[in-house]
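In what follows, chains are A, B, ... by sequence order, proteins preceding strands, each numbered from 1. Values below: all heavy atoms of this structure, side chains included; hydrogens, waters and symmetry mates excluded.
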2 protein chains.
Amino acid sequence: MELSDRKKKILQLVVSDYIETAVPVSSKSLTEKHLTNLSSATVRSELAALEELGYLSQPHTSAGRVPSIDAYKLYVSDLMVKDNLSVNELEYIKKIFLENTNDVEQVIKQTAKVISELTSLTSLAVTSHDESEKINNIKLFRFKPDGALLIIVTDTKLLKDSVIELSQDMSDDRIDEANVLLERMFVGKTFKDICNYNYNLDESFENYKSVFLKVIDALKDYVTTTDDVILEGQDKILQHPEYADLEKLKKFMSVVTKKDKVINLLSNDGRDIKINVKIGTEGYEEMPSDCSVVSATYSVGGVKLGTYGVIGPVRMDYGKVVAVLENVGKILENILSNR
Amino acid sequence: MELSDRKKKILQLVVSDYIETAVPVSSKSLTEKHLTNLSSATVRSELAALEELGYLSQPHTSAGRVPSIDAYKLYVSDLMVKDNLSVNELEYIKKIFLENTNDVEQVIKQTAKVISELTSLTSLAVTSHDESEKINNIKLFRFKPDGALLIIVTDTKLLKDSVIELSQDMSDDRIDEANVLLERMFVGKTFKDICNYNYNLDESFENYKSVFLKVIDALKDYVTTTDDVILEGQDKILQHPEYADLEKLKKFMSVVTKKDKVINLLSNDGRDIKINVKIGTEGYEEMPSDCSVVSATYSVGGVKLGTYGVIGPVRMDYGKVVAVLENVGKILENILSNR
DNA sequence: GGTTAGCAGTCAAACACGTTGAGTGCTAAC
DNA sequence: GTTAGCACTCAACGTGTTTGACTGCTAACC
């Protein structure tokens with residue numbers, strides 16, 4: 001059933017008021033603040049109708065109304081006005097990304113931090129290990145007698161490195177030779193190619209066989225390894241009155257500090273949408289039910305960079321959150337692709 | 001004034017009981033649990049004496065006794081029995097350090113995590129940028145047309161890297177030549193040497209002047225840059241009843257997430273002791289006063305690795321904490337120096 | 001002198017109760 | 001369809017009251 005325009009308007013006011021104040025909204029406050037041409041009794045009957053439809057509920061008979069999960073969903077999809085970020089906020093985002101755009105780790109951390117700061121919510125991030133990422137540059141660098149650093153630069157121009165053990169008899173010359181071969185073999189290939197291809201290292205590799213096997217392992221590791229999870233602004237959750245309860249806080253923290261659970265929260269169920277809003281975390285055990293997660297996946301030139309998002313009370317400022325996620329994504333993608 | 005043996009014994013029991021239970025200890029519970037050959041009235045008069053001396057206090061007249069800051073100090077310096085870690089715990093520590101002993105960042109994180117896990121407290125770490133650290137290996141590695149990675153291996157065999165911008169006309173050959181010069185100039189030198197020495201790059205450096213200046217800047221940066229701060233187990237604080245109060249939690253979080261404040265908390269006031277115990281964080285503004293910090297500085301071969309510690313309620317298990325810090329340090333230093 | 005039993009005193013915590021006021025639903029009139 | 005008026009509900013708050021876990025004190029005892 002389609003809601004009348006007035007019902008929509010009232011529902012929108014209730015949700016946005018409640019998001020702002022965290023207090024059940026009463027018919028009186030609505031007529032005083034927004035609907036000055038209506039009496040509270042009229043609004044009351046509309047509210048009763050909306051409650052009948054499942055969009056509102058009362059904590060107790062003599063309290064105002066609180067939005068239901070369905071109301072939030074409708075609010076996000078239909079009723080909400082997306083925020084515009086202020087010039088200051090946009091400048092702040094840009095400033096953050098001016099430095100350190102080489103180190104993946106740094107970029108992710110900074111991104112998560114910006115998002116957390118601007119939304120006043122705890123932010124989450126998982127790095128994507130995109131199989132279709134192409135290798136642009138690869139090289140071994142000996143840093144101690146029995147160890148070398150494998151440095152990989154990909155499409156997105158972000159650095160990755162890992163340590164490779166060397167056998168004792170690996171001379172510097174042979175590392176140089178190995179580097180030539182490495183370049184020939186892997187530059188221009190995607191991680192997927194490498195995983196699928198079955199390298200049979202013939203006699204020309206004789207001298208480097210063990211090193212090459214380790215390099216291939218390391219490359220495969222980038223794809224199969226469990227994703228990195230970053231958490232920023234854990235303290236932000238304390239600002240929200242719904243988490244004044246210690247038990248809820250504990251639940252929240254215990255989920256948010258567990259890698260696999262976070263990955264689960266940020267998954268977008270295969271749907272290919274830019275911004276993913278999960279209202280009410282039903283189905284996520286251990287999670288307090290009045291939690292929402294809003295996430296976005298960023299990519300550069302078709303290669304996924306990672307998924308970023310925020311987690312907080314269902315009563316969060318979706319307009320602002322969506323605006324922040326969109327803008328951070330836009331700016332980040334811009335900077336990374338124009339290097 | 002020196003305490004009688006019995007007073008010491010009773011004070012020790014009160015502190016350890018309170019640490020365990022978080023409940024003011026009564027004369028009755030002491031005679032029931034530990035001092036079965038004394039009556040509660042006797043203990044009561046001893047408690048009254050200890051209160052007179054400033055070691056104990058009562059939350060209210062009809063409550064048991066709670067240790068004062070002075071009592072904790074005496075407990076740590078004189079009365080406490082240091083814990084022995086279980087075989088399982090020792091194995092757990094060793095296992096953690098088996099991998100990733102090359103990447104500084106990883107080592108620090110893991111160390112902080114182990115400490116947090118074993119003590120059930122929030123752990124803090126600051127990396128030391130020790131001026132006296134010697135450079136073992138240094139090399140530039142081009143990873144994109146206008147950028148190179150500067151890789152430095154030090155005495156402690158831990159990797160450090162930073163990105164150096166390259167001018168457009170820097171050929172690969174010239175990078176190779178620069179690397180030869182870099183090695184000649186910096187290997188065997190300490191960061192201190194480099195900071196103090198005034199490099200006047202004569203005509204033989206003509207081609208690399210700009211790169212060298214950048215490298216020198218990067219090297220100096222390692223020393224002057226503000227230290228990295230790591231935080232682990234922030235959620236652990238929720239387990240302690242003294243932080244059931246939201247305001248305290250906020251204060252705690254706001255300090256613990258601020259770099260400069262953490263560095264301050266972990267500073268050892270120039271005193272050259274292995275384990276530093278700060279009981280009651282008086283003088284640290286914004287910090288709830290009933291906080292303690294226990295920290296230790298780890299080093300390998302005379303080079304400081306960093307300072308690690310825990311922060312939590314004054315009522316923490318000092319015996320356990322000290323044992324964990326000592327053992328983690330021993331094992332870490334061992335592993336790193338025997339590579 | 002140190003130790004103990006007994007007893008009066010204190011006070012937080014828990015519970016019950018009354019009051020208040022912000023909110024509602026319903027109804028009758030406009 | 002809208003509104004004023006009124007009875008009703010119930011969380012929040014403040015005020016007793018009771019309970020029991022402590023203590024300090026005192027007088028007797030070893």
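Among the nucleotides D:dC25, C:dT24, C:dT10, the one closest to the side chain of B:Thr61 is C:dT10. Closest to the side chain of A:Thr42, out of C:dA12, C:dA5, D:dT3, is D:dT3. Considering only the side chain of A:Ala41, D:dT3 comes nearest among D:dT3, D:dT23, C:dT24. Distance from the side chain of A:Arg44 is smallest to C:dT24 among D:dT3, D:dG24, C:dT24. Candidate nucleotides C:dT24, D:dG24, C:dT3 were compared by shortest atom distance to the side chain of B:Ala48, and D:dG24 ranks first. Each of D:dT23, D:dA11, C:dG25 was ranked by its minimum atom distance to the side chain of B:Leu47; first place goes to D:dT23.
A donor and an acceptor atom, one from each side chain of B:Ser68 and B:Ser57, are nowhere located under 3.5 Å apart.
Of the side-chain N and O atoms in B:Ser45, none sit less than 4.0 angstrom from OP1 or OP2 of D:dG24. At C:dG25, one or more side-chain N or O atoms of A:Arg65 fall inside 4.0 Å of OP1 or OP2 (strictly under the cut-off). The shortest distance between the side-chain N/O atoms of B:Ser39 and the OP1/OP2 oxygens of C:dT3 is not below 4.0 Å.
Judged by distance alone, with hydrogens and angles left aside, A:Ser62 brings a side-chain donor or acceptor within reach of the base of D:dC10, the pair sitting under 3.5 Å.
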Could you walk me through whether B:Val43 and B:Ser40 pass the side-chain contact (heavy atoms from CB on, under 4.5 Å) test, one step at a time?
CA-CA 5 Å; B:Val43 173; B:Ser40 65; 5.5 Å; no
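Nucleotide C:dC30 forms a Watson-Crick or G-U wobble pair with D:dG1, both donor-acceptor distances falling under 3.5 Å.
In summary, A:Glu117 and A:Lys236 engage in a salt bridge, as defined by a charged side-chain N under 4.0 Å from a carboxylate O.
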